[in-house]
Amino acid sequence: TPRFVTGSGGAPLAEALGATYVHEVRAVALAARAFAPDARTVIELGGQDAKMIHVDGATFSSEMNERCAAGTGATLDRCLYRLGIDASVMAGLLVLEQEPPLISAKCGVFAETDLVNLIKSGVPEARVLASLLDAVVRGNLAVLARGRSLPPKVLLLGGPHAFFPALAKVWRSHLAVRWRDRDIPHGTEDDVRVPPHAEYFAAEGALRSGDSLGRRAGLSLV
């Protein structure tokens, strides 16, 4: 049976297993093309990296941050641990309408310090968590977007998007401002969406990079 491996650190694991390694950007792009053909922008946050894929018909280009964990699942995990807050609290968060306090979006360590200071100063927990999600979005826009408009439809993938629904709301807020400033038509919630099983798209794409047997073994993501 053909075997495929993708993700950070996947290359040595594939070699040890005698499997085929598929770069995660290619894997995510293949799955997005299959299950969300209307997507123009794909943003995937992993545990240790983040990627933004720009789709133009049958071609795609990408930006990837794999040198720093800021703006990834690892930053969310570390910050929640530092604050002593269970991930289930973040999972149930409803982002407040008011602007959250700004914290560092460039470095996870600085973000932790800023969050602790907010808690010590008496800022409510929900607003502190909203600040963390806001920093994740602002950081990724600064590092990955590189001035692009990021037109809809925007597909949000990866564990952080799958497990923390409020993160999509923050993306919608920031992208709406960007689109309004650039006169890009938008206005529906579907412009920015998290599909079912968003955490598995890279795995499905890895299978789809192989032969028909691999494709038949793929998960149903619709």
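Asp49 places a side-chain heavy atom less than 4.5 Å from the side chain of Glu24. At least one side-chain heavy atom of Pro195 sits less than 4.5 Å from a side-chain heavy atom of Phe201. Annotation: side chain of Leu133 is in contact with side chain of Leu76 (closest heavy-atom distance under 4.5 Å). Counting only heavy atoms from C-beta outward, the side chains of Pro152 and Arg40 never approach each other to under 4.5 Å. Under the 4.5 Å side-chain criterion, counting only non-hydrogen atoms from C-beta, Asp134 is in contact with His174. Contact annotation: the side chain of Thr20 never approaches that of Arg3 to less than 4.5 Å [non-hydrogen atoms, C-beta and beyond].
Under the 3.5 Å distance criterion, the side-chain polar atoms of Arg138 are matched with a main-chain donor or acceptor of Ile103. Judged purely by atom type and a 3.5 angstrom limit, Asp191 uses its side chain to pair as donor or acceptor with the backbone of Thr188. A side-chain donor-acceptor contact under 3.5 Å links Arg172 to the backbone of Val192.
Using a cutoff of 4.0 Å between basic side-chain nitrogens and carboxylate oxygens, Arg193 and Glu189 are not scored as salt-bridged. Note on Lys153 versus Asp38: no salt bridge recorded, every NZ/NE/NH1/NH2 to OD/OE distance being 4.0 Å or above.
In the hydrophobic clustering of ILVMFWY residues, with side-chain heavy atoms under 4.5 Å counting as a link, Val128 and Val116 come out together. When the side chains of ILVMFWY residues are joined at heavy-atom separations under 4.5 Å, either directly or via intervening members, Leu17 and Val22 end up in two distinct hydrophobic clusters. A chain of hydrophobic side-chain contacts below 4.5 Å, direct or via other Ile, Leu, Val, Met, Phe, Trp or Tyr residues, connects Leu118 to Val170. Taken together through direct or relayed side-chain contacts under 4.5 Å among Ile, Leu, Val, Met, Phe, Trp and Tyr, Leu83 and Phe110 form parts of separate hydrophobic clusters. Residues Tyr200 and Leu156 do not share a hydrophobic cluster, defined by chaining ILVMFWY side chains whose heavy atoms lie under 4.5 Å apart.
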(request) Would you please test Leu96 and Arg127 for side chain to side chain contact (heavy atoms under 4.5 Å, CB included) and show each step? (result) CA-CA 7 Å; Leu96 304 178; Arg127 291 202 73 204; 3.0 Å; yes
(request) Show your working on side-chain hydrogen bond (donor to acceptor under 3.5 Å, both in side chains) between Asp86 and Ser88 and close with a plain yes or no. (result) CA-CA 5 Å; Asp86 191 86; Ser88 62; 2.6 Å; yes
(request) Determine, step by step, whether Phe163 and Met90 satisfy the side chain to side chain contact (heavy atoms under 4.5 Å, CB included) criterion, reporting the C-alpha distance in whole Å, the side-chain angles of both residues, the deciding distance to 0.1 Å, and the verdict. (result) CA-CA 9 Å; Phe163 302 126; Met90 177 77 89; over 6 Å; no
(request) Determine, stepwise, if the pair Glu15 / Tyr21 fulfils side chain to side chain contact (heavy atoms under 4.5 Å, CB included). (result) CA-CA 8 Å; Glu15 183 177 356; Tyr21 172 69; over 6 Å; no
(message) Please determine whether salt bridge (Lys or Arg N to Asp or Glu O under 4.0 Å) holds for the pair Lys51 and Glu63, giving the CA-CA distance in whole Å, both sets of side-chain angles, and the decisive distance to 0.1 Å.
(response) CA-CA 6 Å; Lys51 58 191 71 68; Glu63 305 290 346; over 6 Å; no
(request) Please test Leu155 against Phe35 for side chain to side chain contact (heavy atoms under 4.5 Å, CB included), starting from the C-alpha separation and ending with a verdict. (result) CA-CA 10 Å; Leu155 197 67; Phe35 294 103; over 6 Å; no
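Thr6 contributes atom OG1, which lies 12.0 Å from atom CD of Glu204 (distance to the nearest 0.5 angstrom). The structure places CZ of Arg178 at 9.0 Å from CG of Asp181, a figure rounded to the nearest 0.5 Å. Remark: Glu44 CD to Ile53 CD1 distance equals 7.5 Å, nearest 0.5 Å. Rounding to the nearest 0.5 angstrom, the gap separating the CZ atom in Phe164 from the CG atom in Leu132 is 8.5 Å.
Considering every non-hydrogen atom in both Val42 and Ala32, the closest pair reads CG2-CB, 3.9 Å. Considering every non-hydrogen atom in both Ala202 and Ala27, the closest pair reads O-CB, 3.3 Å. Between Pro160 and Leu45, the shortest heavy-atom distance links the atoms CD-O, 3.2 Å. Ser104 and Asp114 get closest at one heavy-atom pair: N-OD2, 2.8 Å. Summarising the geometry of Phe4 relative to Ser209, their closest heavy-atom pair is CD2-OG, 4.1 Å, with the distance given to 0.1 Å. Taking every heavy atom of both residues into account, Leu150 and Ala145 meet most closely at CD1-CB, 4.0 Å.
Using the six-membered ring where Trp is involved, His186 and Trp179 have ring planes that are tilted, between 30° and 60° apart.
Checked against Met52 for a side-chain contact (heavy atoms from CB on, under 4.5 Å), the options Val154, Thr41, Val143 give a single hit: Thr41.
With a 6.0 Å radius and a threshold of 12 heavy atoms from other residues, nucleotides or ligands, Arg26 has its CZ atom at or below the threshold.
Looking at His54 and Arg148, their side chains do bring a donor and an acceptor atom within 3.5 Å of each other.
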